[in-house]
Amino acid sequence: MIYFDNAATTAVSPAVRDAMLPYFANNFGNPSSIFYSLGSDAKREMENARKTVAECLGCDSKEIYFTASGSEADNWAIKGVALKSGKKHIITSAIEHHAVLHTCEFLEKQGYRVTYLPVDSDGLVSPADLENAITDDTALVSIMYANNEIGTIQPIKELCDVAHKKGVPFHTDAVQAVGTLPINLQDLGVDMLSLSAHKFHGPKGIGALYIKKGTKIERLIHGGGQEKGMRAGTENTAYIIGLAKALSDATANMETKTAHIKRLRDKLVKGILDAVPYTILNGHAEKRLPGNANFSFRYIEGEGMLLHLALSGFAVSSGSACASASLDPSHVLLAIGLPHEIAHGSLRISLGAENTEEEVDAFLETLPPIIEKLRAMSPLYEDVLRKEN
Ligand SMILES: *Cc1c(COP(=O)(O)O)cnc(C)c1O
């Protein structure tokens, strides 16, 4: 199988696995049991991991809180600030991950008002739109760093400055960005940032929320005093250590890795656009994640294409919110203005450092005949060809 779905998840790297293994076996101590070395060693290594994460992101280690996922970090940032602030209005964008969108929809049912900012055809949020949406009652702005479907990277620093000028705290879901793009929290200025280890070769089920000192936020998980009393639950030492190892490896190799991934992505994009007519590349031409390519092929139906690709050994994604359970096209593709029928024929390829040029070449040989075959069955496409001739 050729794995082209790195935006969905990545494999745990051997180095990360090796760093984690001792904490399932001999080093199994509870970091809160600090009166004997088994516990205090675990505590020390966990705090070292926190320091590593803070160094990679340019913040203080006291500002890093470990969570069980990127989804939990998003939930905590949004509900936690909403509950604490007393204000009843939240601003987000129309293209967020469901961890943000469904959290906002939940808060709407609790009596909050939510503004879903539109995006342009490249998927960018406008700072002017944000400025116009802020009111005296705005508790929080939450806008994602980079989109998981179309790869578009937002002008986060600029958007954050707009919110801060009006005294409103700013959260960013950076799950697709951390480990892939250089991030310095000192420069960025956001109040909260979510990340998740399994998107950068760490394990699934561990994430973190950066909370800038002084941010007013309520806890979500009540119980013991872990995470400075802000998130109860015995810490997942092995996974925390895995997250830190994965992030420091990703940060150390970022430039070489990005150059390799980008070169493959650009070859793939050019190859597809040259070979397959009536194809749209979704997302911003330059401001996009290095591994992301998202296409819409007109006059075909997405599920058929995914099935053919799977049978040919490619793991890819429809780019739609939920390819299996729902036939609704992706909210992201609709938000950038694609009509339903075009959004249905969409494909997301997300490359990682392990992918090779041979794999891209194999894909460029496999996809065009699949599209041709599917289009040959489409009465719409027949009309198009007839009109052309
Ligand atoms: C994967 C992802 C999440 C969810 O992270 P989990 O750790 O899988 O819960 C949230 N936001 C974005 C943008 C993502 O890509």
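Atoms within a ligand are numbered from 1 in the order they appear, just like the ligands themselves.
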**Report entry** Proximal candidate to atom 12 (C) of ligand 1 [heavy atom criterion; set Lys204, His97, Gln176, Glu96]
**Finding:**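 It is His97 whose heavy atom sits nearest to atom 12 (C) of ligand 1.
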Using a strict threshold of under 4.0 Å (side-chain N to carboxylate O), is an ion pair present between [Y] and [X]?
X      : Y      : value
Arg288 : Asp122 : no
Lys51  : Glu47  : no
Lys212 : Asp191 : yes

Provide the number and element of each atom of ligand 1 under 4.0 Å from a heavy atom of [X].
X      : value
Met144 : 13 (C)
Lys199 : 1 (C), 2 (C), 3 (C), 14 (C), 15 (O)
Ser69  : 7 (O), 9 (O)
Ser71  : 4 (C), 5 (O), 6 (P), 9 (O)

Report task. For the pair Trp76 and Tyr65, name the ring-plane relationship: parallel under 30°, tilted 30 to 60°, perpendicular over 60°. Result ->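 Perpendicular, since the angle between the ring planes exceeds 60°.
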Query raised in the report: Does His198 approach ligand 1 within less than 4.0 angstrom via side chain, backbone, both or neither, non-hydrogen atoms only?
Result: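 Side chain only; the backbone of His198 stays clear of ligand 1.
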Report task. Please work out whether any backbone atom (N, CA, C, O) or any side-chain heavy atom from C-beta onward of Val100 is under 4.0 Å from ligand 1, and answer side chain, backbone, both or neither. Result ->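 Within the 4.0 Å criterion, Val100 makes no contact with ligand 1.
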**Report entry** Geometric N/O contact Gly70 with ligand 1, under 3.5 angstrom
**Finding:**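 For ligand 1, there is an N or O atom that lies under 3.5 Å from one belonging to Gly70.
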Query raised in the report: For Asn148 and ligand 1, does the shortest N/O to N/O distance drop below 3.5 Å?
Result: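 No; every N/O pair is 3.5 Å or more apart.
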Report task. Please report which non-hydrogen protein atom sits nearest to atom 7 (O) of ligand 1, along with the residue it belongs to and the distance in Å to one decimal place. Result ->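 Result for atom 7 (O) of ligand 1: Ser196 OG, 2.6 Å.
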Requested in this report: Name the closest protein heavy atom to atom 11 (N) of ligand 1, giving the residue it belongs to and the distance to 0.1 Å.
Outcome: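 Protein heavy atom with the smallest distance to atom 11 (N) of ligand 1: Asp173 OD2, 2.7 Å.
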Compute whether any side-chain donor of one residue and acceptor of the other, for [X] and [Y], lie under 3.5 angstrom apart.
X      : Y      : value
Glu255 : Thr258 : no
Lys166 : Thr138 : no
Asn147 : Thr152 : no

**Report entry** Residues in salt bridge (Lys or Arg N to Asp or Glu O under 4.0 Å) contact with Asp249, at least two apart in sequence or another chain
**Finding:**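 Asp249: salt bridge (Lys or Arg N to Asp or Glu O under 4.0 Å) contacts with Lys245.
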